[in-house]
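Data block below; observations after.
Just so we're on the same page: letters track the sequence lines, and every chain starts at 1.
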Number of protein chains: 2
Amino acid sequence: MNVTAHPDSLTRSVEDYLKAIYRLSPEGRPASTRDIAHLLELSPPSVSGMVKRLSELGLLEHIPYRGAQLTEAGRSAALRMVRRHRLIEAYLVEFLGYSWDAVHAEAERLEHAVSDPLVERMAAALGHPSVDPHGDPIPATDGSIHELASTALADVATGRTVEIRRVDERDPERLRYLAARGLVPGGVVTLRDRQPFGGPVTVEVAGVRHVIGTELARVVLCGSEETQ
Amino acid sequence: MNVTAHPDSLTRSVEDYLKAIYRLSPEGRPASTRDIAHLLELSPPSVSGMVKRLSELGLLEHIPYRGAQLTEAGRSAALRMVRRHRLIEAYLVEFLGYSWDAVHAEAERLEHAVSDPLVERMAAALGHPSVDPHGDPIPATDGSIHELASTALADVATGRTVEIRRVDERDPERLRYLAARGLVPGGVVTLRDRQPFGGPVTVEVAGVRHVIGTELARVVLCGSEETQ
DNA sequence: CACGTATATTAGGCATTCCTAAACTTGAGA
DNA sequence: TCTCAAGTTTAGGAATGCCTAATATACGTG
């Protein structure tokens, strides 16, 4: 235990588990077996087994029946993968003409294959960006990461004008839908209407109004409280 | 058998086996278990087992105790990997500042992770090159490949001036040694002296003479018979 | 043509990573 | 407090891909 395995010896699977647990709780609280299984599309028993092995490797702290949380070693390995993923996405958009809805799947495979020097060369070519094409912050090599405070579009007060910061990256179709309406990081939107009982919101982007369902409005994150 | 497995379902291992067999015999003659094992740094029994599985998948033709050769499906999968490998190498040198001795190891991992569209985007960014940084020809998407006739530097007649075409890519140290002496694809050399009994050759590059051992002179391939 | 060596294969095993089915733990509500 | 449903773990098993040891084949040479 507490071997703090050499980073290069981590398998794809292990890297995916660490990344999933980090995503489920960037703050470091324990993640449940069920949530990890759901995110990785695996069965709960598979996760149970792997969590046990990873805690023996010193990458996780596991309290049976209570959840798993990243150790320092685990967190740093996870952040290394997140950095890779987001830089690869940025690189593909900037230099290889990828659209923002296509990069996630490609990065998901490449992140396990690139070397650290290659990642740093890509970062340099990009001018060391701080966010990826979806607005997600890119961790530094030392593992520091600046999460900007943000409010879901669903929670913005009627009448306010805010800047879009960040959008969940995973569903390509959703990303195309958002891009077609100008709902991209850096885009400025005014909230014009909100229907009660969790109904849709109406936003105005570049003078055009769009009605956005609640589910979608919850994954579009905006600069908080930036009043017009 | 003869499933002609969907390309995306091939594992890293399978892709490496096919590439190895192609390298051992681009012409399609059977490759021996021993040679495959040696190239992949695996034990012969491991190769025996895998060869059996791959022939059941329709990627190889295997005659026990005689060797394995690629079927059409196997050859085309192998060439797809070779195309990826060489385009990745070219891309890393052209756009990410890699030196030619460092790209092989990086490409060896990336070739298993890139998608076909990414490979084609890289090819387009490069202007669809016909050779990689070591002078190795890049197969087309349809699997056609133009191997240029060439003569080993070790076999060039004394007094001839030839252009270097191609150098074995695998040993980084050897590549650095060659580059330091101008022995790179496109370089023009004149053979000044050859010692008998397999002794070293002396070549002149850009007015400077270098003595090159036989082993090295055998993996430097030159445009054949191009007299000054 | 028999023999021995080089080469190849089969036998048996191990690590990884996944699965389903069965057993166990937790905690909320009757 | 007891019960039970949701969630978790253990048990047992399969596929991949590697290994070593033992066995089988092929073929050049005496």
List for me each residue that meets ring-ring contact (aromatic ring centres under 6.0 Å, His included) alongside B:Y22, sequence neighbours excluded, and say none if there are none.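 Once residues adjacent in sequence are excluded, B:Y22 has no partner under the ring-ring contact (aromatic ring centres under 6.0 Å, His included) criterion.
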State which residues pass ring-ring contact (aromatic ring centres under 6.0 Å, His included) with B:Y17; sequence neighbours excluded, sorted by chain then number.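 Expected list: none.
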Shoot me the first and last contacting nucleotide of DNA chain D against chain A, ordered 5' to 3', at under 4.0 angstrom to non-hydrogen atoms.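 Taking any atom under 4.0 Å from a heavy atom of chain A, the span is D:dG7 to D:dT10.
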What does [X] touch in the nucleic acid at a heavy-atom separation under 4.0 angstrom: a base, only the sugar-phosphate, or nothing?
X	value
B:S13	sugar-phosphate
B:S46	base
A:H38	nothing
A:S43	base

List in numerical order all residues of residues 24-32 of chain A for which some heavy atom is under 4.0 Å away from an atom belonging to DNA chain C.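 Nothing qualifies; none.
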Just how far is it from atom CG of B:D168 to atom CZ of B:R170, taken to the nearest 0.5 Å?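 Reported to 0.5 Å precision, the distance equals 4.5 Å.
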Quick one about [Y] and [X] (side-chain donor to acceptor, distance below 3.5 Å, no hydrogens or angles considered), yes or no?
X	Y	result
A:D35	A:S32	yes
A:E169	A:H85	yes
A:S115	B:E106	yes

Exam field: side chain B:R84 to backbone B:V114, donor-acceptor pair closer than 3.5 Å: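 Judged by distance alone, yes, a pair lies under 3.5 Å.
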In terms of the nearest nucleotide of DNA chain C, which residue is placed more toward the 5' end: A:P44 or A:Y65?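 Its nearest nucleotide lies further toward 5', so the answer is A:P44.
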Pair B:I145, B:I138 - check side chain to side chain contact (heavy atoms under 4.5 Å, CB included), show working. CA-CA 7 Å; B:I145 181 168; B:I138 297 173; over 6 Å; no
Do other residues, nucleotides or ligands put more than 12 heavy atoms under 6.0 Å from the CD atom of A:E27?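 It does: A:E27 CD has more than 12 such atoms within range.
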Give me the first and last nucleotide of DNA chain C, going 5' to 3', that has any atom under 4.0 Å from a heavy atom of chain B.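 First and last nucleotides in contact are C:dT7 to C:dT10.
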Mutual orientation of the aromatic rings belonging to A:H134 and A:W100 [parallel < 30°, tilted 30-60°, perpendicular > 60°]: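 The rings of A:H134 and A:W100 lie parallel, inter-plane angle below 30°.
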Please enumerate all residues that pass side chain to side chain contact (heavy atoms under 4.5 Å, CB included) together with B:R166, with sequence neighbours excluded.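 Only B:R86, B:D136, B:P137, B:E147, B:L221 meet the side chain to side chain contact (heavy atoms under 4.5 Å, CB included) criterion with B:R166.
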